[in-house]
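The structure appears right after this line, and notes come after that.
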Amino acid sequence: MKEHAKQKILVVDDDISIGQALKSGLGKHGFTVRYEAHSTDAITACLDFHPDLILLDLDMPIKDGGQVASELQSQPTLQHIPVIFLTSLVSQEESAKRNASGEILLAKPISIADLAARIMTVLQPAPAPRGNGP
Amino acid sequence: MQLSEPNIEQKVPDILIVDDTLANLQLLAGMLKDRGYRVRPVPSGKLALQAIQKEPPELILLDINMPEMNGYEVCALLKADEALREIPVLFISALDETIDKVKAFAAGGVDYITKPFQLEEVEARVKTHLKLRRLQLELERQNRQLRESYEKLKKLEDLRDDLTHMVVHDMRSPLMGITAQLENLEMDAEKTFSPDDQESLRNARSSGVVLVGMVTSLLDISRLEQCQMPLDVTCLDMDVLILDALKSLGTLTKQVSLLYHKKNVPVMVTCDANLITRVIANLVGNAIKFAPEGSKVAISVEKEGDGSKFCVADTGNGIPLEYHEKIFEKFGQVETRQHRKLYSTGLGLTFCKLAVEANGGKIGVESEVGRGSTFWFTLPLVKDHAENPK
């Protein structure tokens with residue numbers, strides 16, 4: 001099993017089958033994973049869990065991934081955490097918009113191995129230990 | 001779809017006769033009634049117009065010289081009315097100068113019968129014009145039906161595409177649920193499962209990969225058709241794309257004797273590398289699938305004009321000429337004469353066509369039954385990508 005200094009990933013997706021799959025899958029790739037099914041719990045989870053990276057499903061009801069990301073930006077202790085968006089549908093407009101702002105948007109389905117590799121690319125070099133803010 | 005009933009209406013024709021001379025009216029009316037027509041005789045233009053407004057006839061026999069309102073005036077009024085202008089008007093008149101006839105035709109009449117007339121002549125002309133008029137109406141009716149059918153079909157096609165898109169879109173998450181978990185199981189397979197179970201797991205994973213491929217194809221096709229596909233265009237050597245494609249096919253390439261001779265000089269293309277790699281993998285994968293075991297599949301790249309041409313040739317059954325375009329269509333099916341079974345070409349080739357065209361190229365096949373097939377596509381050197389892949 002790969003050693004990633006047990007980096008912490010928060011997964012937010014309303015689809016439980018995806019959430020569970022990512023939790024066990026990324027776990028096997030050496031990450032510590034917390035899964036939240038409700039986007040409304042995302043911010044609280046971040047404040048509690050202090051993830052190194054957040055995987056956000058874009059197509060969630062009530063509050064979608066984009067809105068969660070905006071909320072994260074407004075929190076000084078959370079705004080530096082990298083975000084990867086997952087979506088079932090990539091439109092040219094959405095893709096262009098995200099790429100322009102340097103955000104990462106990945107299309108489902110994606111293999112766990114590919115996802116883990118992508119996460120690793122984003123997290124290297126290993127970020128500073130988590131504390132209560134920069 | 002049935003377009004129309006086999007024949008024109010069998011309704012009894014209704015003829016209006018207009019003549020201020022009662023004797024003429026009686027003569028004509030009598031003759032036509034005997035022949036089975038329904039006749040309405042009227043002695044003036046004014047009464048004729050009233051009768052026509054009340055119930056439009058199928059044909060009008062119109063005298064020219066009448067007091068108060070002559071035949072030309074009656075005709076002009078009819079032709080000015082959109083609802084009545086198509087009713088055939090046959091003039092009957094004692095005036096037999098050419099100038100009178102020309103004037104009658106110019107007024108909108110379709111025929112001119114001179115008095116004194118032969119009853120047989122009148123009947124023959126009436127019959128002809130009635131037939132003409134009925135044929136015209138039938139034609140218009142069929143056109144209307146065709147137009148409606150077309151609109152309906154178009155709507156159904158759009159619905160089908162929307163539905164497919166929606167269903168397939170909803171499949172993506174649960175599909176990922178399955179494939180991701182299978183992937184998870186495979187990670188510890190050697191420790192956890194017996195060799196048989198490991199084999200089962202591999203098969204399950206393979207099927208998963210195929211399903212994901214189908215779903216992705218369908219959605220990509222949808223996006224390409226709607227010009228919603230983001231293109232990441234770079235300039236690179238075809239060789240790189242080919243090698244990536246072969247790598248993605250994995251052990252599939254071992255089933256046949258795969259020949260690929262890399263060119264000494266790089267063949268550069270400008271395209272979306274990911275899309276074209278998938279096109280190559282698709283075409284080569286097909287060639288391998290349909291080639292007899294152990295046979296040769298040859299891949300080649302040539303410079304063509306300002307761009308390049310990629311070919312993959314197999315020695316399989318070949319494709320009949322009538323299917324050469326059909327196989328690139330969505331959901332197209334081809335019947336193989338030799339095995340007499342219908343195999344679905346699915347969406348792989350449709351995706352290839354759209355992807356190649358979105359990159360400014362063309363795609364096609366050269367094939368003969370019993371002599372194998374060569375699938376090819378071209379790409380321009382400089383990007384000249386169509387705004388609209390269609």
Side-chain angles (χ1 to χ4, degrees), chain A residues 1-2 9 11-31 33 35 37 55-61 64-65 84-100 103-119, chain B residues 162 164-192 205-233 248 250 272 274-275 278 358 385 387-389:
Chain A
M1 195 163 76
K2 296 185 187 158
I9 314 284
V11 174
V12 188
D13 193 325
D14 63 310
D15 187 327
I16 298 182
S17 60
I18 301 275
Q20 302 284 21
L22 288 177
K23 187 164 162 157
S24 50
L26 291 173
K28 283 184 200 261
H29 280 273
F31 297 99
V33 185
Y35 166 58
L55 273 179
L56 279 175
D57 177 30
L58 261 186
D59 331 300
M60 292 185 282
D64 68 31
I84 293 181
F85 292 105
L86 285 178
T87 181
S88 289
L89 194 64
V90 190
S91 77
Q92 188 148 10
E93 210 182 295
E94 186 75 44
S95 177
K97 189 174 82 178
R98 300 276 167 200
N99 286 338
E103 292 165 329
I104 304 172
L105 181 61
L106 298 175
K108 291 181 200 169
I110 182 171
S111 78
I112 305 286
D114 285 347
L115 189 52
R118 204 63 199 266
I119 292 172
Chain B
D162 288 343
T164 312
H165 186 91
M166 195 173 71
V167 166
V168 171
H169 171 260
D170 289 343
M171 282 182 179
R172 296 188 108 184
S173 267
L175 196 51
M176 179 167 168
I178 295 175
T179 54
Q181 295 289 27
L182 284 174
E183 205 188 327
N184 292 343
L185 285 171
E186 227 182 13
M187 278 196 82
D188 295 323
E190 270 159 48
K191 279 184 263 163
T192 338
R205 274 262 278 160
S206 280
S207 295
V209 167
V210 169
L211 260 179
V212 168
M214 284 181 173
V215 164
T216 310
S217 272
L218 201 56
L219 287 170
D220 282 347
I221 284 170
S222 179
R223 283 201 285 161
L224 281 165
E225 278 179 335
Q226 291 173 16
C227 309
Q228 280 285 316
M229 178 71 96
L231 291 179
D232 182 11
V233 179
S248 76
D272 180 305
N274 179 274
L275 280 180
R278 282 166 62 189
H385 300 184
E387 284 311 311
N388 224 318

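Note that these values count all heavy atoms, side chains included, but never hydrogens, waters or copies made by symmetry. By convention in this document, chain letters (A, B, ...) are assigned in the order of the sequence lines, proteins followed by strands, and residues within each chain are numbered from 1.
Other residues, nucleotides and ligands contribute more than 12 heavy atoms inside 6.0 Å of the CZ atom of B:Arg205.
Only the side chain of A:Leu22 comes within less than 4.5 Å of a heavy atom of chain B; its backbone N, CA, C and O stay farther away.
Checked by atom type and distance alone, the side chain of B:Glu183 pairs as donor or acceptor with a backbone atom of A:Ala113 at under 3.5 Å.
Here A:Leu86 contributes atom CG and B:Met176 contributes atom CE; the two are 6.0 Å apart, rounded to the nearest 0.5 Å. A distance of 12.5 Å separates CG of B:Asn184 from NZ of A:Lys23, quoted to the nearest 0.5 Å. Here the straight-line distance linking atom CG of B:Leu185 with atom OG of A:Ser24 works out to 8.5 Å at 0.5 Å rounding. Taking CD from A:Gln20 and CD from B:Gln181, the interatomic distance works out to 7.5 Å, rounded to the nearest 0.5 Å.
Scanning all heavy atoms of the two residues, the minimum distance from B:Gly177 to A:Ile18 falls at N-CD1, 4.0 Å. Smallest separation of non-hydrogen atoms from A:Asp15 and B:Pro174: OD2-N, 4.2 Å. For the residue pair A:Ala21 and B:Ala180, the shortest heavy atom distance occurs at CB-CB, 3.6 Å.
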